[in-house]
Amino acid sequence: MLGRELARVLAPRDPILWDRHSFDITDAAAVHRAISQARPSVVIHLAAYTKVNDCQRHPDLAMSVNSRGVHAVAEAVNAVGARLVYISTDYVFDGRKRSPYTEDDPVSPVNAYGRSKAAGEGNAALVPGALILRCGWLFGAGGRNFVEAIRDQVRNGKPLRVVNDQVGTPIWTGHLATAIAALVDARASGVLHAAASGSCSWYEFAQAIVELCGLNVPVEPISTPPGDTPRPAYSVLSDARLCALGMGPLPEWREGLREYLRAL
Ligand SMILES: NC(=O)c1ccc[n+]([C@@H]2O[C@H](COP(=O)([O-])OP(=O)(O)OC[C@H]3O[C@@H](n4cnc5c(N)ncnc54)[C@H](OP(=O)(O)O)[C@@H]3O)[C@@H](O)[C@H]2O)c1
C-alpha cells in the first residue's frame with residue numbers, strides 16, 4: 001500500500017522498485033545480491049508482514065520477516081555504504097500513555113507484530129545514520145485498508161460496529177509518501193514520528209468515512225471484544241520533532257481521507 005504511493009511520488013527520480021517477486025527479504029543472500037548489484041544511495045525498506053492478527057498466530061514468521069529481514073537489508077545496505085530508511089509503527093508502544101508518544105518514550109509492544117517491528121528497529125539501527133520512521137494507521141490505494149473495509153461492509157448491508165477504545169491517528173499514504181521523500185532529501189536520521197495531525201478512535205474514523213462518503217447508515221461504538229489480538233489503547237504519535245525539523249505539521253487525517261476519497 002505505502003510502496004505503491006511512494007513509487008508514484010518518487011517516479012521522477014527513477015527509483016528501483018523491488019517487491020516480493022524480486023526477492024524474499026528473509027533470503028539474506030538474495031537481499032545482498034540485489035542491493036550489491038544495484039548499489040543504491042538510499043534504501044527505503046517497507047516490506048513487512050503487516051497483518052496484525054496473522055502475526056499473533058505466527059509470531060516466528062513475523063520475527064523472520066519483520067526483524068531478521070531488516071537485519072539482512074541492514075547488512076546489505078552497510079556493505080554498499082547506502083543510507084537506510086525503515087518504516088516502523090505506533091504499535092511499538094503499549095498504549096498506556098494518554099498524551100502523544102515521543103521518540104524518547106520506551107517501546108513496549110503488546111502484540112507479536114509490534115514486537116517484531118520493534119526488533120526490526122533495532123536491526124535498522126545497525127546502519128549508521130538510519131532513519132527509523134514511525135507512523136500511525138495507514139490507509140491508501142493498493143492495499144486492504146480500513147476505509148475500504150467500512151465501505152465493503154456498507155455495500156454488503158452489514159451493520160457497522162466499530163471499536164471506540166483504541167485511539168490513534170490515521171494517515172493517508174499520499175501525505176506520508178510526500179513526507180518520506182522530503183525527509184530523504186533532508187537526510188533526516190534517528191527515530192522520528194511522522195504523524196498526521198489530530199487523533200480519533202476507530203469508531204470516529206468509521207463515522208468520518210460514512211459521513212464523507214454520504215452513506216446514510218448508523219455506526220455503533222463497541223469495546224474491543226475479549227480474545228481479540230491485543231492492540232495499544234492509545235497510540236497517538238507526537239509530531240514535535242518532525243515540526244522542529246521544519247517538516248511538520250502534516251495535514252490532518254480527515255484531510256487525508258478527503259483526498260483519498262476524491263482520488264478514487
Ligand atoms: N498498514 C498500517 O497501518 C501501518 C502502520 C504503521 C506502519 N506500517 C508499516 O509501513 C510499511 C508498509 O505498510 P503497508 O501497510 O503498505 O504494507 P502492505 O501493503 O502489507 O505491504 C507490505 C509488502 O511487503 C511484502 N512482503 C511481505 N513479506 C515479504 C517478504 N518476506 N519478502 C518480500 N516482500 C514481502 C508484501 O508482499 P505480499 O503482499 O506478497 O505479501 C507487500 O508487498 C510496513 O513496514 C508496515 O509495518 C504500516
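Each ligand, and each atom within it, is numbered from 1 in the order the structure gives.
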Shortest protein heavy-atom distance from atom 12 (C) of ligand 1, along with the residue and atom involved: Leu46 O, 3.7 Å
Close N or O approach (Cys135, ligand 1; < 3.5 Å): no
Any N/O pair Ile25/ligand 1 closer than 3.5 Å: yes
Region of Val65 that comes within reach of ligand 1 [heavy atoms, distance under 4.0 Å]: side chain
Protein non-hydrogen atom below 4.0 angstrom of atom 36 (C) of ligand 1 present: no
CZ/Arg83: more than 12 non-hydrogen atoms of other groups inside 6.0 Å: yes
Value rounded to 0.5 Å, distance of OG in Ser116 from CG in Asn111: 8.0 Å
Nearest-0.5 Å distance that lies between atom CG in Leu237 and atom CG in Asp90: 5.0 Å
Spacing of CH2 belonging to Trp172 relative to CD belonging to Glu259, to within rounding of 0.5 Å: 4.5 Å
Any protein heavy atom < 4.0 Å from atom 30 (C) of ligand 1: yes
Protein residue, atom and distance nearest to atom 9 (C) of ligand 1, heavy-atom basis: Ile87 CG2, 3.9 Å
Ligand 1 versus Lys51: contacting region, heavy-atom distance under 4.0 Å: neither
Top protein contact for atom 41 (O) of ligand 1, by heavy-atom distance: Arg20 NH2, 2.8 Å
Heavy-atom protein neighbour under 4.0 angstrom from atom 39 (O) of ligand 1: no
Atom 4 (C) of ligand 1: the protein heavy-atom neighbour that sits closest, reported with distance to 0.1 Å: Leu138 CG, 3.5 Å
Heavy-atom nearest neighbour in the protein, as seen from atom 20 (O) of ligand 1, with distance rounded to 0.1 Å: Thr50 OG1, 2.6 Å
Nitrogen or oxygen atoms of Lys117 and ligand 1 under 3.5 Å apart: yes
Atom 16 (O) of ligand 1 [closest protein heavy-atom partner, distance rounded to 0.1 Å]: Leu2 N, 2.7 Å
Residue pair Asp24 / Thr26, side-chain donor-acceptor N/O under 3.5 Å: yes
Atom indices of ligand 1, in the order listed, that fall short of 4.0 Å to a heavy atom of Thr89: 6 (C), 7 (C)
Atoms in ligand 1 with a heavy atom of Ser88 nearer than 4.0 Å: 6 (C), 7 (C)
Salt bridge (charged side-chain N to carboxylate O under 4.0 Å, His left out) between Asp152 and Arg144, intermediate numbers included: CA-CA 11 Å; Asp152 278 355; Arg144 170 113 191 112; 3.3 Å; yes
Considering all heavy atoms, the nearest Pro40-Ile35 contact: CD-O, 3.4 Å
Atom 24 (O) of ligand 1 touched by protein heavy atom at under 4.0 Å: yes
Aromatic ring proximity, centroids under 6.0 angstrom, Trp137 and Trp202: yes
Centroid-centroid under 6.0 Å between Trp253 and Phe139 rings: no
Candidate with minimal heavy-atom separation from atom 27 (C) of ligand 1, of Ser116, Gly142, Ala48, Gly140: Ala48
N or O pair under 3.5 Å between Asp24 and ligand 1: yes
Donor + acceptor pair across side chains of Glu255, His175 (<3.5 Å): no
Closest protein heavy atom (residue, atom, distance) for atom 21 (O) of ligand 1: Met1 N, 4.1 Å
Aromatic ring pairing Tyr101/Phe93, orientation class (parallel under 30°, perpendicular over 60°, tilted between): parallel
Other residues, nucleotides, ligands: >12 heavy atoms within 6.0 Å of Asn216 CG: no
Residue and atom name of the nearest protein heavy atom (relative to atom 5 (C) of ligand 1), distance in Å to one decimal: Gly136 O, 2.9 Å
Heavy-atom nearest neighbour of atom 47 (O) of ligand 1 within options Tyr91, Tyr113, Phe23: Tyr113
Euclidean distance, Ile87 CD1 relative to Thr50 OG1, rounded to 0.5 Å: 13.5 Å
